[in-house]
Amino acid sequence: MQMISDFIIRSKSFILSPFLGDRMNPNKSKNISGNIALSVIAVMLVLICLISVGIGAFFIPLDKTIAILLSKLGIALPIEFTSREHAVLIAIRLPRVVMGVLIGGALGVSGTVIQGVFRNPLASPGLIGVSGGAAAGATIAIVLGFTALGIWTLPAMAFVGGLGTAMLVYRFARRGGQAEVTTLLLVGIAVNALMGAVVSFLSFVSDDAELRSIVFWMMGSLSASIWKFIWVIAPFIILSFIFMLRYARTLNLLALGDAEARHLGVDTERARLQCLALASIATGAAVSVAGVIGFVGLVAPHLFRLILGPDHRLLLPASAMGGAILLVLADLFARTVVSPAQLPLGLVTALVGAPFFLYLIERTRRDHGGVA
Amino acid sequence: MLEAQNISLILNNKKLIDNVSLKVAHGELLAIIGPNGAGKTCLIKLLSGDLEASEGRVKLFGKALTDYSIKQLAQTRSVMPQSSDLNFPFNASQVVLFGRNPHLDKKGESLADLEIVKSALADTEMLGFSQRNYLTLSGGEKARVNLARVLAQRAPLVFLDEPISHVDPRHQHGILRLAKALANGGASVIVVLHDLNLAAAYADKIAIMHQAKLRAIGTPDEVLSESLLEEVFQIGFKRHDYPELNHPFLMILPKHTHAEPSYMTGYSG
């Protein structure tokens, strides 16, 4: 923990603060300094990806990794690599890291959007029922033995379950054209409990093999990382990310509360519905292929709010890249620490995320006298 | 500029506003006074478009309030809330910049907008606090940041809902002087106040709300009579018209105050 706290303090004061000082100064444009901060995070993400694709049971050095990747783009470097290295990287490691980036990014940015919509730094994508519904959908597919769509059956059922549940929560919370935030939260809790009951019941009636599949899915994993899945979830995640970026300023204003956001020209009900829909699509796509992965959507927004401040124009891209970094690192840990076996990814994110989150809460309480 | 025609508000079969008509002209500062629960905040919500009237209608620049889009309305009227419950640690200048939102296009704020933010913070004597986390400000400081946000919005119709309840005496006068300056600049300002003497000192007109009805509206000299205030507020008033003041001065007389609290009676003998 000391190491992590050192990291935050150091990264805050030495890496980012010189730029943040400018960003906070109304005399200077926010863009220059904000872009530098985002660039630092982007460089970190690229470096971590390049290094972690090389690490595994079969080690590929960084120079060869770069040579192989560039050769795919038609650029030849004077570095030799074997066809085996090429095959391992392109068919196994790279899809896994790309999947990690997509899913971590989706969870990170969705977490930020949901916290913004709920005006609550403790909210997460799980609150509106996406993960719970996806779990129910996946469990139904496993236990009832659906195979209609081949390998797509499970992801499709999870995706539909997740989105359907989020819609159900929203429709139920809506009254007289308005969905009160508190009502939405409470309905979310109730519907999540209902989905939990579905999963429990189906687990109860399942046989051993099915139970194993359910448990495995509920703990999350990137082991289903094949290019075929990536090509399908990438458009959902990337498009919803781009649309979410357009709501950055609206999310800032929503922080003031509904009445005041409306006074300042925000159609709050529409903005909230659209933001929740986008976050649900991104989260749904992510969990459909990776199962339930907790804490990334909670920790990434928090971490970057602490470093960069609460402006969603910086926070949305930062938490997407940050979520990607967190998940790629967590997966690296999950697949190497007990190699050749793999730890469930959700276990790693919870194991690292929960204590870290407690630390963030404690730190915030010390600094500001409140959780924010 | 702003005209309410026989507006009523009925929620859950309860009449919260009962047939109120009033006009506010350019450059006018209207203070709304009245006891708790008389309907002051409801009236503000109807006039600012937060709530739609059950009966009657409100016209702004001759156009019904309900015909404005959310964005048009935001460019035309600003509202300073009683309190702002922000949960994220924005700093004061970011909060004030929110006030520019109705005027921004997709590109976001320009240097001109940042200049407006700066001058709004200067007007409310909050410039030194511009980098401070809003959440760590005191109640009075928050109120001044919220006022700066309203100033930055540059709307011709301004609502201030109890802007001075958490503010020290010097800044109470500062805030009302700013409200007066807005009115002198051509804006219409509607402010809910509890301090009758401040209302008398700064308002061009005072509206007295009582039991969901508009009991009286007029200049401070016209409406602040001892008998009317005693009837509405259920407490004694003594009015002085000092020659050195150009408005009435009111003193509260504790002659018929509340009944003795019942829990005290056991101790009397």
Side-chain angles (χ1 to χ4, degrees), chain A residues 20-31 34 112 115-116 118-123 176-177 181 245-246 248-271 301-302 305-306 308-315 364 367-372, chain B residues 45 48-51 69-104 106-111 113-118 121 127 130-136 146 149-150 152-153 155 159 161:
Chain A
L20 295 183
D22 282 356
R23 188 177 68 78
M24 298 302 182
N25 186 343
N27 287 323
K28 297 198 179 152
S29 164
K30 63 142 189 31
N31 292 321
T112 306
Q115 291 184 0
F118 283 100
R119 310 176 52 230
N120 190 330
L122 295 175
V181 166
L245 288 182
R246 299 173 50 167
R249 221 166 61 202
T250 304
L251 286 168
N252 284 348
L253 289 158
L254 279 179
L256 289 169
D258 265 29
E260 288 177 61
R262 257 198 310 276
H263 291 154
L264 294 167
V266 177
D267 186 344
T268 50
E269 189 58 24
R270 223 182 81 187
H302 250 278
R305 201 176 288 118
L306 205 64
L308 298 174
D311 188 342
H312 286 89
R313 288 177 290 187
L314 289 177
L315 200 52
T364 314
D367 290 0
H368 303 297
V371 177
Chain B
K45 283 187 174 163
S48 65
D50 277 7
L51 292 174
S69 73
I70 292 177
K71 179 150 191 180
Q72 283 173 333
L73 208 51
Q75 289 164 345
T76 318
R77 65 94 181 83
S78 56
V79 182
M80 177 180 165
Q82 283 189 22
S83 65
S84 198
D85 46 349
L86 205 59
N87 285 337
F88 293 124
F90 287 101
N91 65 34
S93 69
Q94 286 172 314
V95 172
V96 177
L97 183 60
F98 290 159
R100 295 303 300 158
N101 186 63
H103 307 285
L104 299 184
K106 282 203 162 49
K107 275 181 292 187
E109 69 268 19
S110 65
L111 283 175
D113 292 308
L114 296 176
E115 278 306 313
I116 291 173
V117 167
K118 212 172 154 185
L121 281 165
L127 203 51
S130 66
Q131 304 310 310
R132 275 274 299 276
N133 176 353
Y134 177 86
L135 301 178
T136 64
N146 285 335
R149 193 189 88 202
V150 164
Q153 201 172 339
F159 293 91
D161 194 357

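Below, chains carry the letters A, B, ... as their sequence lines are ordered, and counting in each starts from 1.
- When each of B:Lys71, B:Arg77, B:Gln75 is checked for heavy-atom pairs under 4.5 Å with chain A, B:Arg77 comes out on top.
- Interatomic distance, B:Met80 CE to A:His263 NE2, rounded to the nearest 0.5 Å: 13.0 Å.
- Contact annotation for B:Lys106: both backbone and side-chain heavy atoms come within less than 4.5 Å of a heavy atom of chain A.
- The parts of B:Pro102 that come within reach of chain A are both its backbone and its side chain, each placing non-hydrogen atoms under 4.5 angstrom from that chain.
- Put simply, the residue from A:Leu245, A:Asn252, A:Leu254 that forms a side chain to side chain contact (heavy atoms under 4.5 Å, CB included) with A:His312 is A:Asn252.
- In this structure, B:His103 NE2 and A:Leu264 CG are separated by 9.5 Å, a value rounded to the nearest 0.5 Å.
- For chain B, the nearby part of A:Arg249 is the side chain; its heavy atoms alone come within less than 4.5 Å.
- In this structure, A:Gly34 and A:Leu314 approach most closely via the heavy-atom pair CA-CD2, 3.4 Å.
- Residues meeting the side-chain hydrogen bond (donor to acceptor under 3.5 Å, both in side chains) test with A:Asn120, sequence neighbours left out: none.
- When the candidates B:Val95, B:Leu104, B:Leu73, B:Val96 are compared by the number of heavy-atom contacts under 4.5 Å with chain A, B:Leu104 comes out ahead.
- With respect to chain B, the highest number of heavy-atom pairs below 4.5 Å among A:Asp267, A:Leu253, A:Thr250 belongs to A:Leu253.
- Evaluated for a side chain to side chain contact (heavy atoms under 4.5 Å, CB included) with B:Glu109, the options B:Val117, B:Leu114, B:Asn101 yield exactly one hit, B:Leu114.
- For a residue to count as touching a neighbouring chain, one of its non-hydrogen atoms must lie under 4.5 Å from one of that chain's; by this rule B:Arg149 touches chain A with the side chain only.
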